[in-house]
Amino acid sequence: KNQVEQSPQSLIILEGKNCTLQCNYTVSPFSNLRWYKQDTGRGPVSLTIMTFSENTKSNGRYTATLDADTKQSSLHITASQLSDSASYICVVSGTTSGTYKYIFGTGTRLKVLA
Amino acid sequence: DTEVTQTPKHLVMGMTNKKSLKCEQHMGHRAMYWYKQKAKKPPELMFVYSYEKLSINESVPSRFSPECPNSSLLNLHLHALQPEDSALYLCASSQDRNTGELFFGEGSRLTVL
């Protein structure tokens with residue numbers, strides 16, 4: 001059972017619009033949560049990292065939120081640009097079956113149209 | 001620019017070939033990882049090295065053979081691969097096994113004919 005679920009699976013928006021991506025997780029105990037951006041055929045690049053005590057963190061036009069009680073995170077992209085077209089992956093760190101692991105979400109594929 | 005360097009960027013090989021993927025990092029990280037990623041799927045963990053010792057092998061077929069010559073280098077030796085092994089192979093590193101951000105390389109795109 002995948003412990004990190006992302007929605008929507010894919011999203012198409014017009015340039016300049018805002019969008020919000022969701023990540024729900026069941027990993028416990030939880031260590032931290034990261035959002036990565038991955039351009040097609042390239043390695044993931046970190047956008048934000050959030051620990052248990054953090055609610056909001058911004059990186060330019062990207063703002064991540066974390067609700068550790070409901071085990072939900074969101075990534076909000078403001079004033080989208082064509083270069084934002086990519087896959088966005090939520091990665092939760094925690095202990096599963098007694099081993100510390102990075103658990104990857106299924107990703108959201110975002111396409112920004114001119 | 002990524003601080004994890006992978007070579008080659010692209011590799012095409014036949015099923016009888018022997019080739020290697022290489023990964024290098026100079027951030028002083030003590031944990032290094034190999035991931036396999038198929039199109040439109042998240043990366044899947046293959047191997048983890050911690051302090052140059054194999055820590056995790058996610059039941060990867062023996063035609064994939066990892067090697068960690070030193071704390072900065074990680075290799076993946078390939079032999080007798082199948083066409084379904086075609087994928088993007090990502091190397092990553094972190095400060096150690098139980099903490100730190102994962103830093104990814106740009107990946108090696110492997111095609112098996």
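Everything numeric in this text was worked out from a predicted model, so none of it was measured. Below, chains carry the letters A, B, ... as their sequence lines are ordered, and counting in each starts from 1.
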Quiz question: by atom type and distance under 3.5 Å, do the side chains of A:Thr65 and A:Thr56 form a donor-acceptor pair?
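There is no such pair between these side chains.
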
Under 4.5 Å from a heavy atom of chain A, the part of B:Leu45 involved
neither

Heavy-atom proximity to chain A below 4.5 Å, by part of B:Leu88:
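Interface part for B:Leu88: side chain.
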
If you count heavy-atom pairs within less than 4.5 Å of chain B, which of A:Gly107, A:Pro44, A:Ser87 leads?
A:Pro44

Pair count under 4.5 Å, heavy atoms only, with chain B: among A:Ser93, A:Ser46, A:Ser31, highest is A:Ser46

Side-chain heavy-atom pair A:Trp35, A:Leu21 within 4.5 angstrom cut-off:
yes

For A:Gln6, is it the side chain, the backbone, both or neither that has a heavy atom under 4.5 Å from a heavy atom of chain B?
neither

Group every Ile, Leu, Val, Met, Phe, Trp and Tyr by side-chain heavy-atom contacts under 4.5 Å, then state whether A:Phe104 and A:Ile49 land in the same group.
no

Can you tell me how the ring of B:Phe103 sits relative to the ring of B:His29, calling it parallel under 30°, perpendicular over 60° and tilted otherwise?
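Aromatic pair B:Phe103/B:His29 classed tilted.
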
Do the rings of B:Phe104 and B:Tyr35 sit parallel, tilted or perpendicular, given the 30° and 60° boundaries?
tilted

What residue in B:Pro43, B:Ala92, B:Ala39 has the most heavy-atom pairs under 4.5 Å with chain A?
B:Pro43

Select, from B:Gln6, B:Lys40, B:Arg109, the one with the greatest count of heavy-atom pairs under 4.5 Å involving chain A.
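Most pairs with chain A among the choices: B:Lys40.
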
Suppose the criterion is salt bridge (charged side-chain N to carboxylate O under 4.0 Å, His left out): which pairs have a residue in residues 25-53 of chain A, not counting sequence neighbours?
A:Arg42-B:Glu106

